[in-house]
Student: 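Handing you a structure now.
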Amino acid sequence: VKVIVVVDLLDQENVEINSQRYTNKLTEIDGILTSMQLEERTLVLNNAIRCQFEMNLSNTLKINTPITVKGFFGGYDDLLEEILFVRCAM
């Protein structure tokens, strides 16, 4: 498991390099929970990392708290300027 912090992923100059580095690798991401859509099983870290879960999320999660998520890099969305992680777990 590769452990990274959100700041490392968000470096715009390295988005392409990061895409190649993390594709198909289980990655642990440390960040701040900034948004959640429980019905869509999605959390957003630092307003830029979208994490999609296969299982339902706990409604005890709190916005603006540190969180660690494990998942697989799913790509970068140029339009939304978001990084996607799929098959996530906490």
Side-chain angles (χ1 to χ4, degrees):
V1 175
K2 174 83 174 156
V3 179
I4 56 171
V5 292
V6 170
V7 174
D8 296 333
L9 282 173
L10 298 179
D11 181 359
Q12 292 295 343
E13 294 178 12
N14 294 317
V15 167
E16 187 173 321
I17 293 169
N18 286 336
S19 295
Q20 295 170 359
R21 181 180 302 156
Y22 298 116
T23 296
N24 295 322
K25 293 185 179 143
L26 181 60
T27 305
E28 186 173 287
I29 309 117
D30 293 323
I32 302 296
L33 179 61
T34 53
S35 174
M36 59 183 161
Q37 297 86 36
L38 296 178
E39 61 283 345
E40 295 175 17
R41 299 187 308 243
T42 301
L43 299 179
V44 177
L45 308 182
N46 294 60
N47 293 314
I49 309 270
R50 182 170 297 278
C51 302
Q52 294 181 336
F53 291 77
E54 294 181 351
M55 303 183 81
N56 290 335
L57 296 167
S58 169
N59 61 1
T60 60
L61 295 168
K62 304 243 186 268
I63 299 294
N64 295 322
T65 59
I67 189 169
T68 300
V69 175
K70 290 181 184 177
F72 291 88
F73 181 78
Y76 178 75
D77 186 324
D78 290 324
L79 181 63
L80 298 176
E81 296 182 346
E82 285 185 334
I83 296 168
L84 175 65
F85 278 84
V86 296
R87 299 186 346 231
C88 293
M90 290 194 298

Student: As an exercise, state the distance from CG of Leu43 to SG of Cys88, rounded to the nearest 0.5 Å.
Tutor: 8.0 Å
Student: Looking at the rings of Phe72 and Phe85, which for Trp means the six-membered one, are their centres under 6.0 Å apart?
Tutor: no
Student: Which pair of non-hydrogen atoms, one from Cys51 and one from Val69, has the smallest distance, and what is that distance?
Tutor: SG-CG1, 4.0 Å
Student: Against Thr34, only a single residue in Leu45, Ile67, Val44, Ile49 fulfils side chain to side chain contact (heavy atoms under 4.5 Å, CB included); can you say which?
Tutor: Val44
Student: Could you report the tightest heavy-atom contact between Asp30 and Thr68, atom names first, then the distance?
Tutor: OD1-OG1, 2.6 Å
Student: For the atom pair CZ (Arg41) and CD (Gln52), what is the distance rounded to the nearest 0.5 Å?
Tutor: 9.5 Å
Student: Donor-acceptor pairs under 3.5 Å, side chain of residues 55-66 to any protein atom, not counting sequence neighbours: which ones?
Tutor:
residue	atom	partner	partner atom	Å
Ser58	OG	Thr60	N	3.0
Ser58	OG	Thr60	OG1	2.5
Thr65	OG1	Lys62	O	2.6

Student: Mind running side chain to side chain contact (heavy atoms under 4.5 Å, CB included) on Glu81 and Tyr76 for me, showing each step along the way?
Tutor: CA-CA 7 Å; Glu81 296 182 346; Tyr76 178 75; 3.6 Å; yes
